[in-house]
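Only a predicted model underlies this, so the values are computations on that prediction, with no experimental measurement involved.
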Amino acid sequence: MAVKYVFVTGGVVSGLGKGITAASLGRLLKARGYRVTMQKFDPYINMDPGTMNPIQHGEVFVTDDGTETDLDLGHYERFIDESMDRGSNVTTGKVYWTVLNKERHGDYGGGTVQVIPHITDEIKRRFYRSAGPETTIAIIEVGGTIGDIESQPFLEAIRQFRAEVGRENAILLLVTLIPYLRCSQELKTKPTQMAVKSMQGMGLQPDILICRSEQPLPRSMKEKIALFCNVTPGHVIENLDMDSLYEVPLAMERENLAPAVCHLLNLECPAPDLDDWKTMVDALKHPKQRVTVALVGKYTQLHDAYLSVAEALRHGGAPTYSDVHIDWVDSETLTDENTAQRLGSADAILVPGGFGDRGIDGMLRAIRYARENRVPFLGLCLGMQLSIVEYARDVLGLSDAHSIEFAPDTAHPVVALLPGQEQIRDLGGTLRLGAFPCCLSENSLARSLYGTPQIEERHRHRYEVNNDYRQVLSESGLIFSGISPDGRIAEMCELPSDIHPFFIATQAHPEFKSRPNRPHPLFRGLVEAAQESRAGDGSPCGLR
(Lines give C-alpha, C1' and ligand atoms only; values in the text may rest on other atoms or scores of the structure.)
Protein backbone atom coordinates (compact mmCIF):
# COMPACT_ATOMS: atom_id res chain seq x y z
CA MET A 1 0.00 0.00 0.00
CA ALA A 2 0.99 3.64 -0.41
CA VAL A 3 2.66 5.99 2.03
CA LYS A 4 1.04 9.40 2.34
CA TYR A 5 2.88 12.41 3.74
CA VAL A 6 1.64 15.41 5.73
CA PHE A 7 4.16 18.21 6.34
CA VAL A 8 3.48 20.62 9.20
CA THR A 9 5.26 23.98 9.20
CA GLY A 10 4.82 27.24 11.09
CA GLY A 11 4.53 30.90 10.18
CA VAL A 12 4.58 34.39 11.75
CA VAL A 13 6.01 33.43 15.18
CA SER A 14 7.26 30.35 16.98
CA GLY A 15 5.39 28.70 19.82
CA LEU A 16 2.09 28.33 17.96
CA GLY A 17 1.80 24.63 18.75
CA LYS A 18 2.97 22.88 15.59
CA GLY A 19 3.82 19.81 17.64
CA ILE A 20 0.40 19.62 19.29
CA THR A 21 -1.28 20.24 15.93
CA ALA A 22 0.70 17.45 14.29
CA ALA A 23 0.09 15.10 17.22
CA SER A 24 -3.64 15.91 17.25
CA LEU A 25 -3.91 15.10 13.55
CA GLY A 26 -2.09 11.84 14.25
CA ARG A 27 -4.64 10.94 16.94
CA LEU A 28 -7.56 11.72 14.62
CA LEU A 29 -6.14 9.65 11.77
CA LYS A 30 -5.25 6.73 14.02
CA ALA A 31 -8.78 6.87 15.47
CA ARG A 32 -9.93 6.23 11.91
CA GLY A 33 -7.87 3.07 11.64
CA TYR A 34 -4.85 4.41 9.79
CA ARG A 35 -1.27 3.52 10.67
CA VAL A 36 0.46 6.76 11.64
CA THR A 37 4.15 7.60 12.02
CA MET A 38 5.59 10.94 13.10
CA GLN A 39 8.87 12.72 12.62
CA LYS A 40 10.42 16.02 13.76
CA PHE A 41 12.98 17.99 11.76
CA ASP A 42 14.73 20.64 13.84
CA PRO A 43 16.83 23.39 12.25
CA TYR A 44 19.38 23.74 15.04
CA ILE A 45 22.89 22.48 14.36
CA ASN A 46 23.25 20.40 17.54
CA MET A 47 23.39 16.67 16.84
CA ASP A 48 20.58 16.07 19.35
CA PRO A 49 19.18 17.72 22.52
CA GLY A 50 21.17 15.38 24.79
CA THR A 51 23.78 17.97 25.73
CA MET A 52 21.49 21.01 25.63
CA ASN A 53 20.52 22.95 28.76
CA PRO A 54 17.04 21.86 29.97
CA ILE A 55 16.32 25.40 31.15
CA GLN A 56 16.88 26.65 27.59
CA HIS A 57 15.52 23.78 25.53
CA GLY A 58 13.18 21.83 27.81
CA GLU A 59 13.38 18.15 28.62
CA VAL A 60 15.27 15.54 26.65
CA PHE A 61 12.82 12.85 25.60
CA VAL A 62 14.26 9.33 25.32
CA THR A 63 12.92 6.63 23.00
CA ASP A 64 12.96 2.85 23.49
CA ASP A 65 16.06 2.51 21.33
CA GLY A 66 17.95 5.04 23.44
CA THR A 67 17.77 8.09 21.20
CA GLU A 68 17.79 11.48 22.93
CA THR A 69 15.21 13.64 21.17
CA ASP A 70 13.24 16.86 21.21
CA LEU A 71 10.36 17.10 23.68
CA ASP A 72 7.82 17.26 20.84
CA LEU A 73 8.32 13.51 20.37
CA GLY A 74 6.81 13.08 23.81
CA HIS A 75 3.66 14.78 22.55
CA TYR A 76 3.68 12.48 19.54
CA GLU A 77 3.88 9.36 21.69
CA ARG A 78 1.27 10.56 24.16
CA PHE A 79 -1.22 11.45 21.42
CA ILE A 80 -0.83 8.56 18.95
CA ASP A 81 0.37 5.93 21.48
CA GLU A 82 3.17 4.74 19.22
CA SER A 83 6.86 4.51 20.10
CA MET A 84 9.24 6.80 18.27
CA ASP A 85 12.78 5.75 17.31
CA ARG A 86 16.17 7.13 16.23
CA GLY A 87 14.78 8.13 12.83
CA SER A 88 12.00 10.19 14.37
CA ASN A 89 14.10 13.25 15.28
CA VAL A 90 16.41 14.83 12.69
CA THR A 91 18.48 17.97 13.20
CA THR A 92 20.49 20.09 10.80
CA GLY A 93 23.55 18.84 12.66
CA LYS A 94 22.70 15.21 11.90
CA VAL A 95 22.09 15.99 8.22
CA TYR A 96 25.37 17.84 7.77
CA TRP A 97 27.27 15.22 9.78
CA THR A 98 26.03 12.51 7.42
CA VAL A 99 26.84 14.51 4.30
CA LEU A 100 30.32 15.43 5.54
CA ASN A 101 31.09 11.81 6.41
CA LYS A 102 29.98 10.74 2.93
CA GLU A 103 32.27 13.38 1.43
CA ARG A 104 35.19 12.15 3.53
CA HIS A 105 34.41 8.59 2.44
CA GLY A 106 34.51 9.62 -1.22
CA ASP A 107 30.83 9.02 -1.93
CA TYR A 108 30.60 12.18 -4.04
CA GLY A 109 33.57 11.32 -6.22
CA GLY A 110 35.42 14.53 -5.49
CA GLY A 111 32.55 16.73 -6.65
CA THR A 112 31.61 20.02 -5.03
CA VAL A 113 29.29 19.38 -2.07
CA GLN A 114 26.44 21.91 -1.92
CA VAL A 115 23.17 22.58 -0.12
CA ILE A 116 21.38 21.67 -3.35
CA PRO A 117 21.41 18.82 -4.16
CA HIS A 118 23.47 17.13 -1.43
CA ILE A 119 21.90 18.52 1.77
CA THR A 120 18.38 18.48 0.34
CA ASP A 121 18.89 14.95 -0.97
CA GLU A 122 19.90 13.80 2.51
CA ILE A 123 16.83 15.48 4.00
CA LYS A 124 14.57 13.84 1.42
CA ARG A 125 16.17 10.46 2.12
CA ARG A 126 15.03 10.80 5.72
CA PHE A 127 11.49 11.73 4.62
CA TYR A 128 10.87 8.45 2.82
CA ARG A 129 9.04 5.62 4.57
CA SER A 130 8.82 1.99 3.51
CA ALA A 131 5.37 0.96 2.33
CA GLY A 132 3.68 -1.78 4.35
CA PRO A 133 0.59 -3.94 3.90
CA GLU A 134 -1.66 -1.02 4.85
CA THR A 135 -1.67 2.69 4.13
CA THR A 136 0.77 4.59 6.31
CA ILE A 137 0.41 8.29 6.94
CA ALA A 138 3.70 9.96 7.83
CA ILE A 139 3.29 13.28 9.64
CA ILE A 140 6.47 15.35 9.45
CA GLU A 141 6.89 18.52 11.52
CA VAL A 142 9.53 21.08 10.55
CA GLY A 143 10.72 23.29 13.41
CA GLY A 144 11.18 27.04 13.24
CA THR A 145 9.11 29.48 11.22
CA ILE A 146 8.84 30.49 7.58
CA GLY A 147 11.61 32.92 6.73
CA ASP A 148 14.20 31.48 9.12
CA ILE A 149 17.53 30.97 7.40
CA GLU A 150 17.97 27.66 9.21
CA SER A 151 14.72 26.21 7.86
CA GLN A 152 15.26 26.98 4.18
CA PRO A 153 16.97 23.69 3.23
CA PHE A 154 14.10 21.73 4.78
CA LEU A 155 11.48 23.76 2.90
CA GLU A 156 13.37 23.35 -0.37
CA ALA A 157 13.55 19.61 0.29
CA ILE A 158 9.77 19.54 0.81
CA ARG A 159 9.28 21.35 -2.50
CA GLN A 160 11.40 18.80 -4.33
CA PHE A 161 9.84 15.89 -2.46
CA ARG A 162 6.27 16.87 -3.34
CA ALA A 163 7.25 17.00 -7.01
CA GLU A 164 8.73 13.51 -6.75
CA VAL A 165 5.86 11.74 -4.98
CA GLY A 166 2.95 13.79 -6.35
CA ARG A 167 0.66 16.35 -4.74
CA GLU A 168 -1.93 13.65 -3.98
CA ASN A 169 0.65 11.88 -1.79
CA ALA A 170 2.17 14.83 0.07
CA ILE A 171 0.30 17.82 1.48
CA LEU A 172 1.37 20.86 3.45
CA LEU A 173 -0.18 22.30 6.62
CA LEU A 174 0.83 25.76 7.81
CA VAL A 175 0.20 26.68 11.45
CA THR A 176 -0.13 30.44 11.59
CA LEU A 177 -1.31 33.27 13.83
CA ILE A 178 -4.41 35.44 13.60
CA PRO A 179 -3.65 38.15 16.20
CA TYR A 180 -6.45 39.87 18.09
CA LEU A 181 -6.07 43.61 18.71
CA ARG A 182 -7.94 44.33 21.92
CA CYS A 183 -7.85 48.09 21.49
CA SER A 184 -9.88 47.88 18.28
CA GLN A 185 -11.40 44.45 18.98
CA GLU A 186 -10.26 43.17 15.60
CA LEU A 187 -8.78 39.96 14.28
CA LYS A 188 -6.01 40.59 11.76
CA THR A 189 -5.26 38.28 8.83
CA LYS A 190 -2.32 40.14 7.30
CA PRO A 191 0.42 38.20 9.21
CA THR A 192 -1.04 34.95 7.86
CA GLN A 193 -1.21 36.36 4.34
CA MET A 194 2.45 37.39 4.53
CA ALA A 195 3.50 33.98 5.84
CA VAL A 196 1.74 32.27 2.95
CA LYS A 197 3.27 34.75 0.49
CA SER A 198 6.72 33.89 1.87
CA MET A 199 6.03 30.20 1.31
CA GLN A 200 4.80 30.82 -2.20
CA GLY A 201 8.06 32.65 -2.91
CA MET A 202 9.83 29.38 -2.07
CA GLY A 203 7.65 27.42 -4.47
CA LEU A 204 5.35 26.05 -1.77
CA GLN A 205 1.58 26.40 -1.51
CA PRO A 206 -0.05 25.39 1.79
CA ASP A 207 -3.03 23.08 1.38
CA ILE A 208 -4.48 23.67 4.85
CA LEU A 209 -4.08 26.64 7.20
CA ILE A 210 -4.28 26.02 10.96
CA CYS A 211 -5.11 29.43 12.40
CA ARG A 212 -4.23 30.03 16.04
CA SER A 213 -6.41 32.72 17.58
CA GLU A 214 -7.74 33.95 20.90
CA GLN A 215 -11.15 34.60 19.35
CA PRO A 216 -13.37 32.48 17.06
CA LEU A 217 -12.98 33.13 13.36
CA PRO A 218 -16.26 34.14 11.67
CA ARG A 219 -17.00 32.42 8.38
CA SER A 220 -16.45 35.69 6.51
CA MET A 221 -12.89 35.83 7.84
CA LYS A 222 -12.19 32.23 6.83
CA GLU A 223 -13.41 33.08 3.35
CA LYS A 224 -11.16 36.15 3.24
CA ILE A 225 -8.13 34.09 4.32
CA ALA A 226 -8.97 31.43 1.76
CA LEU A 227 -9.27 34.01 -1.03
CA PHE A 228 -5.98 35.75 -0.29
CA CYS A 229 -4.04 32.58 0.52
CA ASN A 230 -5.26 30.41 -2.36
CA VAL A 231 -6.95 27.65 -0.33
CA THR A 232 -10.57 26.56 -0.07
CA PRO A 233 -12.60 27.97 2.87
CA GLY A 234 -13.08 24.48 4.28
CA HIS A 235 -9.31 24.16 4.61
CA VAL A 236 -8.99 27.19 6.89
CA ILE A 237 -9.07 25.58 10.34
CA GLU A 238 -9.76 27.53 13.50
CA ASN A 239 -7.43 26.58 16.39
CA LEU A 240 -8.43 28.32 19.62
CA ASP A 241 -6.67 28.08 22.97
CA MET A 242 -7.96 25.12 24.99
CA ASP A 243 -8.11 24.50 28.74
CA SER A 244 -6.29 21.20 28.18
CA LEU A 245 -3.94 20.36 25.32
CA TYR A 246 -5.68 16.96 25.10
CA GLU A 247 -8.82 18.79 24.06
CA VAL A 248 -7.13 19.98 20.86
CA PRO A 249 -7.84 16.77 18.85
CA LEU A 250 -11.54 17.07 19.70
CA ALA A 251 -11.55 20.73 18.66
CA MET A 252 -9.76 19.82 15.42
CA GLU A 253 -12.35 17.10 14.82
CA ARG A 254 -15.12 19.67 15.13
CA GLU A 255 -13.26 21.76 12.54
CA ASN A 256 -13.10 18.74 10.18
CA LEU A 257 -9.31 18.67 9.96
CA ALA A 258 -9.05 14.92 9.36
CA PRO A 259 -11.70 14.89 6.58
CA ALA A 260 -9.83 17.72 4.85
CA VAL A 261 -6.54 15.79 5.05
CA CYS A 262 -8.12 12.55 3.84
CA HIS A 263 -9.79 14.36 0.94
CA LEU A 264 -6.51 15.90 -0.21
CA LEU A 265 -4.73 12.54 0.07
CA ASN A 266 -7.52 10.63 -1.73
CA LEU A 267 -8.19 8.48 1.34
CA GLU A 268 -11.42 7.21 2.83
CA CYS A 269 -12.48 9.00 6.01
CA PRO A 270 -14.49 6.69 8.28
CA ALA A 271 -15.96 7.89 11.57
CA PRO A 272 -13.33 8.03 14.33
CA ASP A 273 -13.33 6.06 17.58
CA LEU A 274 -12.62 8.75 20.17
CA ASP A 275 -14.72 7.49 23.08
CA ASP A 276 -11.84 6.81 25.50
CA TRP A 277 -10.22 10.12 24.55
CA LYS A 278 -13.44 12.01 25.26
CA THR A 279 -13.78 10.27 28.64
CA MET A 280 -10.22 11.25 29.55
CA VAL A 281 -10.75 14.88 28.52
CA ASP A 282 -13.98 15.03 30.52
CA ALA A 283 -12.12 13.78 33.60
CA LEU A 284 -9.41 16.43 33.20
CA LYS A 285 -11.90 19.24 32.59
CA HIS A 286 -14.36 18.31 35.32
CA PRO A 287 -12.35 17.03 38.31
CA LYS A 288 -14.14 16.05 41.50
CA GLN A 289 -11.15 16.39 43.82
CA ARG A 290 -7.71 17.95 43.94
CA VAL A 291 -4.33 16.88 45.25
CA THR A 292 -1.08 18.82 45.45
CA VAL A 293 2.20 17.22 44.42
CA ALA A 294 5.41 19.06 45.26
CA LEU A 295 7.84 18.59 42.39
CA VAL A 296 11.26 19.30 43.90
CA GLY A 297 13.78 19.85 41.12
CA LYS A 298 16.64 21.99 39.93
CA TYR A 299 15.20 23.12 36.57
CA THR A 300 11.85 24.47 37.81
CA GLN A 301 12.45 27.88 36.18
CA LEU A 302 11.24 26.27 32.92
CA HIS A 303 8.40 23.84 33.47
CA ASP A 304 9.07 22.24 30.08
CA ALA A 305 12.26 20.82 31.59
CA TYR A 306 9.95 18.36 33.38
CA LEU A 307 7.24 18.24 30.73
CA SER A 308 6.71 14.46 30.66
CA VAL A 309 6.72 14.29 34.47
CA ALA A 310 4.07 16.99 34.72
CA GLU A 311 1.91 15.34 32.06
CA ALA A 312 2.28 11.91 33.68
CA LEU A 313 1.05 13.37 36.99
CA ARG A 314 -1.99 14.81 35.26
CA HIS A 315 -2.60 11.47 33.55
CA GLY A 316 -2.41 9.80 36.96
CA GLY A 317 -5.32 11.85 38.22
CA ALA A 318 -7.67 11.27 35.28
CA PRO A 319 -9.05 7.82 36.25
CA THR A 320 -10.31 9.20 39.59
CA TYR A 321 -11.34 12.62 38.19
CA SER A 322 -8.57 14.26 40.23
CA ASP A 323 -7.01 17.61 39.44
CA VAL A 324 -3.30 17.30 40.17
CA HIS A 325 -1.88 20.66 41.19
CA ILE A 326 1.90 20.76 40.82
CA ASP A 327 3.77 22.88 43.35
CA TRP A 328 7.04 23.72 41.57
CA VAL A 329 9.74 23.77 44.26
CA ASP A 330 13.24 24.95 43.39
CA SER A 331 15.44 22.54 45.33
CA GLU A 332 18.08 25.26 45.81
CA THR A 333 15.65 27.19 48.03
CA LEU A 334 15.08 24.38 50.54
CA THR A 335 16.95 24.70 53.84
CA ASP A 336 16.82 22.88 57.16
CA GLU A 337 14.76 25.79 58.51
CA ASN A 338 12.11 26.07 55.77
CA THR A 339 11.64 22.54 54.38
CA ALA A 340 8.77 21.58 56.71
CA GLN A 341 6.93 24.83 56.02
CA ARG A 342 7.59 24.75 52.27
CA LEU A 343 6.47 21.12 51.82
CA GLY A 344 3.89 20.98 54.59
CA SER A 345 0.90 21.52 52.31
CA ALA A 346 1.94 18.85 49.79
CA ASP A 347 -0.12 15.67 49.55
CA ALA A 348 2.79 13.94 47.80
CA ILE A 349 6.41 14.70 46.89
CA LEU A 350 8.22 13.85 43.66
CA VAL A 351 11.97 14.24 43.06
CA PRO A 352 12.79 13.95 39.33
CA GLY A 353 16.01 13.40 37.37
CA GLY A 354 18.86 15.78 36.66
CA PHE A 355 22.60 16.15 36.30
CA GLY A 356 25.18 18.04 38.35
CA ASP A 357 25.41 18.88 42.05
CA ARG A 358 23.38 22.11 42.02
CA GLY A 359 20.31 21.77 44.24
CA ILE A 360 21.22 18.31 45.52
CA ASP A 361 21.04 19.25 49.21
CA GLY A 362 17.48 20.51 48.81
CA MET A 363 16.43 17.27 47.12
CA LEU A 364 17.93 15.27 50.00
CA ARG A 365 15.98 17.41 52.49
CA ALA A 366 12.76 16.79 50.55
CA ILE A 367 13.36 13.01 50.50
CA ARG A 368 14.06 12.94 54.22
CA TYR A 369 10.93 14.99 54.91
CA ALA A 370 8.81 12.60 52.84
CA ARG A 371 10.29 9.53 54.52
CA GLU A 372 10.05 10.79 58.11
CA ASN A 373 6.59 12.33 57.74
CA ARG A 374 5.09 9.46 55.74
CA VAL A 375 4.25 11.71 52.79
CA PRO A 376 3.71 9.68 49.58
CA PHE A 377 6.94 9.85 47.59
CA LEU A 378 8.15 8.99 44.09
CA GLY A 379 11.80 9.31 43.06
CA LEU A 380 12.85 9.24 39.41
CA CYS A 381 16.41 8.52 38.24
CA LEU A 382 18.45 11.02 40.29
CA GLY A 383 15.51 10.91 42.71
CA MET A 384 16.25 7.22 43.37
CA GLN A 385 19.99 7.74 43.65
CA LEU A 386 19.47 10.47 46.23
CA SER A 387 16.95 8.28 48.05
CA ILE A 388 19.78 5.76 48.51
CA VAL A 389 22.12 8.51 49.72
CA GLU A 390 19.54 9.88 52.17
CA TYR A 391 18.76 6.44 53.57
CA ALA A 392 22.44 5.59 53.99
CA ARG A 393 23.07 8.85 55.82
CA ASP A 394 19.99 9.18 58.00
CA VAL A 395 19.11 5.54 58.69
CA LEU A 396 22.44 3.69 58.46
CA GLY A 397 24.33 6.60 60.01
CA LEU A 398 26.87 6.87 57.18
CA SER A 399 26.98 10.66 57.38
CA ASP A 400 29.36 11.09 54.46
CA ALA A 401 27.60 8.66 52.10
CA HIS A 402 27.20 10.11 48.63
CA SER A 403 27.23 9.47 44.91
CA ILE A 404 30.64 9.61 43.26
CA GLU A 405 29.06 11.94 40.71
CA PHE A 406 29.04 14.64 43.38
CA ALA A 407 31.75 13.46 45.79
CA PRO A 408 34.33 11.29 43.95
CA ASP A 409 36.38 10.78 47.13
CA THR A 410 33.54 9.90 49.51
CA ALA A 411 34.30 7.12 51.98
CA HIS A 412 30.90 5.56 51.33
CA PRO A 413 30.11 5.67 47.58
CA VAL A 414 26.60 4.20 47.79
CA VAL A 415 25.96 5.32 44.21
CA ALA A 416 28.79 4.65 41.75
CA LEU A 417 29.72 3.42 38.29
CA LEU A 418 29.20 -0.24 37.47
CA PRO A 419 32.23 -2.53 37.76
CA GLY A 420 34.42 -2.05 34.70
CA GLN A 421 33.55 1.63 34.33
CA GLU A 422 35.62 2.96 37.25
CA GLN A 423 38.64 3.83 35.11
CA ILE A 424 36.67 5.73 32.48
CA ARG A 425 37.96 9.30 32.27
CA ASP A 426 35.89 10.53 29.35
CA LEU A 427 32.28 10.00 30.40
CA GLY A 428 30.85 11.12 27.08
CA GLY A 429 28.63 8.46 25.55
CA THR A 430 28.54 6.29 28.67
CA LEU A 431 24.93 6.94 29.63
CA ARG A 432 22.59 3.97 29.98
CA LEU A 433 19.98 5.00 27.43
CA GLY A 434 16.76 3.42 26.26
CA ALA A 435 14.50 0.59 27.40
CA PHE A 436 15.80 -2.08 29.77
CA PRO A 437 13.95 -4.98 31.44
CA CYS A 438 13.40 -5.18 35.18
CA CYS A 439 12.16 -8.05 37.39
CA LEU A 440 9.81 -7.10 40.24
CA SER A 441 9.78 -8.81 43.63
CA GLU A 442 6.68 -10.65 44.80
CA ASN A 443 4.58 -8.90 47.45
CA SER A 444 6.24 -5.55 46.70
CA LEU A 445 4.56 -2.22 46.10
CA ALA A 446 6.12 -2.12 42.64
CA ARG A 447 4.66 -5.51 41.74
CA SER A 448 1.20 -4.53 42.98
CA LEU A 449 1.27 -1.29 40.97
CA TYR A 450 2.48 -2.83 37.72
CA GLY A 451 0.55 -6.07 38.12
CA THR A 452 3.23 -8.09 36.31
CA PRO A 453 6.51 -9.80 37.29
CA GLN A 454 8.61 -8.11 34.59
CA ILE A 455 8.53 -4.63 33.13
CA GLU A 456 10.53 -2.53 30.69
CA GLU A 457 11.30 1.14 31.30
CA ARG A 458 13.43 3.78 29.61
CA HIS A 459 16.65 5.02 31.19
CA ARG A 460 18.94 8.04 30.93
CA HIS A 461 21.65 7.95 33.56
CA ARG A 462 25.20 6.87 34.22
CA TYR A 463 25.46 5.98 37.92
CA GLU A 464 23.93 2.99 39.72
CA VAL A 465 23.41 1.72 43.24
CA ASN A 466 26.76 0.40 44.47
CA ASN A 467 26.32 -3.35 44.89
CA ASP A 468 28.79 -3.32 47.79
CA TYR A 469 26.10 -1.60 49.86
CA ARG A 470 23.01 -3.47 48.69
CA GLN A 471 23.07 -6.04 51.48
CA VAL A 472 23.52 -3.60 54.33
CA LEU A 473 20.81 -1.34 52.90
CA SER A 474 18.46 -4.31 52.58
CA GLU A 475 19.18 -5.52 56.11
CA SER A 476 18.29 -2.08 57.45
CA GLY A 477 14.81 -2.22 55.90
CA LEU A 478 15.13 -0.81 52.38
CA ILE A 479 13.60 -3.11 49.76
CA PHE A 480 15.17 -3.44 46.33
CA SER A 481 11.96 -4.40 44.59
CA GLY A 482 13.20 -4.09 41.02
CA ILE A 483 16.35 -5.83 39.79
CA SER A 484 17.79 -6.34 36.32
CA PRO A 485 17.27 -9.90 35.00
CA ASP A 486 20.96 -10.73 35.55
CA GLY A 487 20.80 -9.47 39.14
CA ARG A 488 23.57 -6.89 38.63
CA ILE A 489 21.59 -3.66 38.78
CA ALA A 490 19.17 -2.39 41.41
CA GLU A 491 16.45 -0.70 39.37
CA MET A 492 13.82 0.13 42.02
CA CYS A 493 13.69 0.56 45.78
CA GLU A 494 10.88 1.09 48.27
CA LEU A 495 10.02 1.09 51.96
CA PRO A 496 7.77 -1.58 53.56
CA SER A 497 4.10 -0.64 53.85
CA ASP A 498 4.21 -0.86 57.65
CA ILE A 499 6.89 1.84 57.69
CA HIS A 500 5.63 4.11 54.94
CA PRO A 501 2.31 4.17 52.99
CA PHE A 502 3.94 4.94 49.61
CA PHE A 503 7.68 5.41 49.19
CA ILE A 504 9.10 4.14 45.92
CA ALA A 505 11.87 5.18 43.55
CA THR A 506 13.19 3.99 40.21
CA GLN A 507 16.37 4.45 38.21
CA ALA A 508 14.21 4.77 35.10
CA HIS A 509 12.13 7.55 33.58
CA PRO A 510 8.63 6.02 33.61
CA GLU A 511 7.13 9.38 32.68
CA PHE A 512 8.13 8.77 29.07
CA LYS A 513 5.70 5.86 28.75
CA SER A 514 2.66 7.44 30.37
CA ARG A 515 -0.35 8.12 28.14
CA PRO A 516 -3.31 10.44 28.87
CA ASN A 517 -5.83 7.64 28.36
CA ARG A 518 -3.49 5.00 29.86
CA PRO A 519 -1.70 6.49 32.89
CA HIS A 520 1.57 5.01 34.07
CA PRO A 521 1.02 2.84 37.18
CA LEU A 522 3.65 4.63 39.29
CA PHE A 523 2.06 8.03 38.71
CA ARG A 524 -1.47 6.75 39.14
CA GLY A 525 -0.34 5.06 42.35
CA LEU A 526 1.25 8.26 43.65
CA VAL A 527 -1.90 10.29 43.01
CA GLU A 528 -4.11 7.68 44.67
CA ALA A 529 -1.74 7.56 47.66
CA ALA A 530 -1.91 11.37 47.84
CA GLN A 531 -5.72 11.18 47.93
CA GLU A 532 -5.59 8.65 50.77
CA SER A 533 -3.06 10.80 52.60
CA ARG A 534 -5.36 13.81 52.48
CA ALA A 535 -8.34 11.76 53.59
CA GLY A 536 -6.29 10.28 56.44
CA ASP A 537 -5.21 13.65 57.85
CA GLY A 538 -8.72 15.03 57.77
CA SER A 539 -8.23 17.34 54.79
CA PRO A 540 -11.31 17.91 52.62
CA CYS A 541 -11.29 15.67 49.57
CA GLY A 542 -13.17 18.03 47.31
CA LEU A 543 -11.77 20.82 45.18
CA ARG A 544 -9.98 23.58 47.03
Pairs involving residues 370-382, ordered by first then second residue, that meet side chain to side chain donor-acceptor pair (under 3.5 Å) (sequence neighbours left out) = Arg368-Glu372, Arg371-Glu390
Residues that Asp304 engages under salt bridge (charged side-chain N to carboxylate O under 4.0 Å, His left out), provided they are two or more places apart | none
Identify all side-chain donor-acceptor contacts of residues 173-180 below 3.5 Å with residues at least two apart in sequence or on another chain.
residue, atom, partner, partner atom, Å
Thr176, OG1, Thr192, OG1, 3.0

Apply the salt bridge (Lys or Arg N to Asp or Glu O under 4.0 Å) test between Glu77 and each candidate in Lys513, Lys40, Arg518, Arg458; give the one that qualifies.
-> Arg458
Mind checking what makes ring pair (Phe, Tyr, Trp, His ring centres under 6.0 Å) contact with Phe61, not counting sequence neighbours?
-> Phe512
Kindly write out the residues that satisfy ring pair (Phe, Tyr, Trp, His ring centres under 6.0 Å) with Phe523, not counting sequence neighbours, or none if the list is empty.
-> none
What's the shortest heavy-atom distance between Ala260 and Ile208, and which atoms?
-> CB-CD1, 3.9 Å
Ring centres of Trp277 and Phe79 under 6.0 Å apart?
-> yes
Tell me, please, which residues at least two apart from Asp357 pass salt bridge (charged side-chain N to carboxylate O under 4.0 Å, His left out).
-> none
By side chain to side chain contact (heavy atoms under 4.5 Å, CB included), Arg447 pairs with (sequence neighbours left out) Leu440, Glu442, Ser444, Pro453
Among all residues two or more places apart in sequence or in another chain, which pass the ring pair (Phe, Tyr, Trp, His ring centres under 6.0 Å) test with His459?
-> Phe436, His461
Ion pair Glu82/Lys30, N-O distance below 4.0 Å = yes
With sequence neighbours excluded, tell me which residues meet side chain to side chain contact (heavy atoms under 4.5 Å, CB included) with Ser514.
-> Ala312, His315, His520
Those residues at least two apart in sequence (or on a different chain) that pass salt bridge (charged side-chain N to carboxylate O under 4.0 Å, His left out) with Arg35 are none
Mind checking what makes side chain to side chain contact (heavy atoms under 4.5 Å, CB included) contact with Cys439, not counting sequence neighbours?
-> Gln454, Pro485
Partners passing side-chain hydrogen bond (donor to acceptor under 3.5 Å, both in side chains) against Asp207 (at least two apart in sequence or in another chain) | Arg162, Arg167
